[in-house]
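Predicted model only: the values in this text are computed from it and were never measured.
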Amino acid sequence: MYHIECIECRRKYQADEVIYTCTCGGLLEVVYDYSNIHLTKKDLSGPLSVWKYRALLPVGREPVTLKEGGTPLYRADRIAESVGLREVYVKHEGMNPTGSFKDRGMTVGVTKALELGMKTVACASTGNTSASLAVYGAKAGVPAVVLLPSGKVALGKLAQALMHGAKVLSIRGNFDDALKLVRDLCDREGFYLLNSVNPYRLEGQKTIAFEIADQLGWEAPDRVVLPVGNAGNITAIYKGFKELKRLGIINSVPKMTGIQAEGASPVAQAIKNNTEAITPEARPETVATAIRIGNPVNAVKALIAIRESGGTAETVSDEEIIKAQQELASLEGIGVEPASASSIAGLRKLVEMGIIEKDERVVCVTTGHLLKDSEHVLAVCPKPIEIDATIEAVRKAVFSDQP
Ligand code: F0G
């Protein structure tokens, strides 16, 4: 059994109420009757998938699923050596069905939409959420409406939203504007809002924590490093680890470490300045368009996750992001989009600053696949070398100094 509860005033709501924030304005979370959940490591054996952890998911019907989760946890020894750590892992969420971690949230969120009898699903998005919603909406046979910041969504993501049949609206404004609009639209039209302010969606995303612990033999790492945009994922993963600890399946919770781009860093600034709340950024800007967000809706939860777990938050420049993306690609064979590379850039910076210690066991979450943003790749990598179709020309080019 479970219900929805406000994280501020602790007001409780029934599980079937369609509500996204408390009447007091606070964010909501799903709370289970943990005393009635008796889970052991043995119950959780078997192949990885989001729905393997069903006992800790708030759904009572057949899921709308495309086999999400079960993403690889790679040991990244060459990255570890390059940044000066002993044990680094990469949890590559780009290996989900639509190429990002959003699928974990959408399989639960869209299933919930059906359970609640909702007729249309909607979201604002920097790209990945819209791609995932379009796909799960298609699978469920429910129309999807997505609001995107015009000109700022990577083409791969836009292509997915279009091909899978969402109604795609390109807003003359940024993500924060789009989110405000879609919340208003959902209130007026009774559409089901599937941004990360929806507590059910975050329940799916917490399975990243379950899988990391599972893949490490039911141990928590010392630290999890991940990009922060609207700040849902860091709170979801933290909740996942806390639940495992509460159920006695793991003994500790990792230090939650959020990385933001310099031009879109309200959460990192609040941590650095030790302020209680964030100061929104009116004009966020970064090459990592997925996290180009100035007013993260889950900021309050994210600050709690970071502070309670003894973690931190840091900013990285666009140059550092691009360098980390190239490094991960060439040293480990892991292709990620710019936002995801910020976790590696942040790892390097925090090791250099002496905040991450040499013997920590660190997991970096890479949230989206390289192919999401191939335009960016073409902008930062050397061009293909065009030559005549002769063996002389091929040999000359192969042995030339040109990259
Ligand atoms: N990485 C990628 C690839 C993302 O697409 C996002 C968010 C994040 C990290 C940050 O996660 O918002 O939970 O802190 N993308 C959203 C979207 C905003 O619309 O696709 P967060």
Side-chain angles (χ1 to χ4, degrees), residues 1-7 10-22 27-70 96-97 101-123 129 132-133 135-144 186 190-211 214 232-233 235-237 239-244 246-247 249:
M1 273 297 103
Y2 55 91
H3 63 270
I4 302 171
E5 201 169 304
C6 173
I7 66 159
R10 289 291 153 196
R11 180 168 170 179
K12 293 185 169 73
Y13 296 89
Q14 305 238 320
D16 59 358
E17 255 183 86
V18 178
I19 184 160
Y20 310 106
T21 47
C22 183
L27 294 166
L28 302 173
E29 66 179 357
V30 179
V31 175
Y32 299 81
D33 180 2
Y34 294 100
S35 58
N36 270 327
I37 299 177
H38 304 288
L39 263 188
T40 62
K41 293 175 197 171
K42 210 164 146 233
D43 298 327
L44 292 172
S45 61
L48 294 171
S49 80
V50 165
W51 293 99
K52 167 179 173 177
Y53 312 102
R54 192 170 183 143
L56 285 164
L57 293 176
V59 168
R61 57 165 284 150
E62 264 314 287
V64 178
T65 177
L66 289 157
K67 303 198 186 302
E68 44 295 311
N96 273 295
F101 69 99
K102 306 288 180 178
D103 299 342
R104 295 179 186 270
M106 288 307 174
T107 183
V108 172
V110 171
T111 303
K112 198 73 196 171
L114 293 186
E115 200 170 284
L116 294 171
M118 307 304 280
K119 300 283 177 262
T120 302
V121 289
C123 72
T129 302
S132 190
L133 186 65
V135 167
Y136 284 85
K139 179 77 182 166
V142 174
C186 288
F191 296 171
Y192 195 50
L193 179 66
L194 274 169
N195 280 100
S196 55
V197 69
N198 182 323
Y200 287 122
R201 207 193 94 185
L202 292 182
E203 289 302 290
Q205 287 176 211
K206 79 184 176 186
T207 60
I208 294 175
F210 298 168
E211 287 191 4
D214 205 332
N233 209 28
T235 65
I237 295 176
K239 185 171 190 278
F241 280 115
K242 272 200 313 186
E243 286 181 349
L244 289 184
R246 186 172 189 153
L247 294 169
I249 293 173

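Looking at every heavy atom in both residues, Thr21 comes nearest to Val197 through CG2-CG2, 3.9 Å. In this structure, Ala122 and Cys186 approach most closely via the heavy-atom pair CB-SG, 3.8 Å. The nearest pair of heavy atoms linking Leu244 to Ala209 is CD1-O, 4.3 Å. Closest of all the heavy-atom pairs between Ile208 and Phe101 is CD1-CB, 4.0 Å.
A donor-acceptor distance shorter than 3.5 angstrom exists from the side chain of Arg201 to the backbone of Leu194, with no hydrogens or angles considered. A donor-acceptor pair is defined here as one N or O able to donate and one able to accept, closer than 3.5 Å; no such pair exists between the side chain of Asn96 and the backbone of Glu68. Judged by distance alone, with hydrogens and angles left aside, the side-chain atoms of Thr40 form a donor-acceptor pair with the main-chain N or O of Asp43 at under 3.5 Å.
By the 4.0 Å N-to-carboxylate-O rule, Lys41 lies too far from Asp214 to be salt-bridged with it. Checked for salt-bridge contact, Arg104 and Glu211 meet the test: a charged N lies under 4.0 Å from a carboxylate O. Between Glu5 and Arg11 there is no salt bridge, since none of the side-chain N atoms of the basic residue sits less than 4.0 Å from a carboxylate O of the acidic one. A salt bridge does not link Lys239 to Glu29: none of the charged side-chain nitrogens sits closer than 4.0 Å to a carboxylate oxygen.
Judged purely by distance below 3.5 Å, without hydrogens or angles, the side chains of Glu203 and Tyr2 never pair a donor atom with an acceptor atom.
With respect to Val64, the side-chain contact (heavy atoms from CB on, under 4.5 Å) criterion is satisfied by exactly one of Val108, Val142, Leu114: Leu114. Screening Glu243, Met1, Arg246 against Tyr32 for a side-chain contact (heavy atoms from CB on, under 4.5 Å) leaves a single residue, Glu243.
Other residues, nucleotides and ligands contribute at most 12 non-hydrogen atoms within 6.0 Å of the NZ atom of Lys139.
Side-chain atoms of Asp103 and Leu66, non-hydrogen and from C-beta on, never get closer than 4.5 Å to each other. Within the 4.5 Å cutoff, the side chain of Thr107 has heavy atoms near those of the Trp51 side chain. Using a 4.5 Å heavy-atom threshold, the side chains of Tyr136 and Pro97 count as touching. The closest side-chain heavy-atom distance from Thr129 to Met106 is below 4.5 Å. Contact annotation: the side chain of Tyr200 approaches that of Ile4 to within less than 4.5 Å [non-hydrogen atoms, C-beta and beyond]. Between Leu202 and Lys206, every side-chain heavy-atom pair lies at or beyond the 4.5 Å cut-off.
The structure places NZ of Lys102 at 7.0 Å from CG of Asn233, a figure rounded to the nearest 0.5 Å. The line from OH of Tyr53 to CG of Leu39 is 11.0 Å long, rounded to the nearest 0.5 Å.
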Show your reasoning for whether side chain to side chain contact (heavy atoms under 4.5 Å, CB included) applies to Tyr192 and Lys112. CA-CA 10 Å; Tyr192 195 50; Lys112 198 73 196 171; 3.8 Å; yes
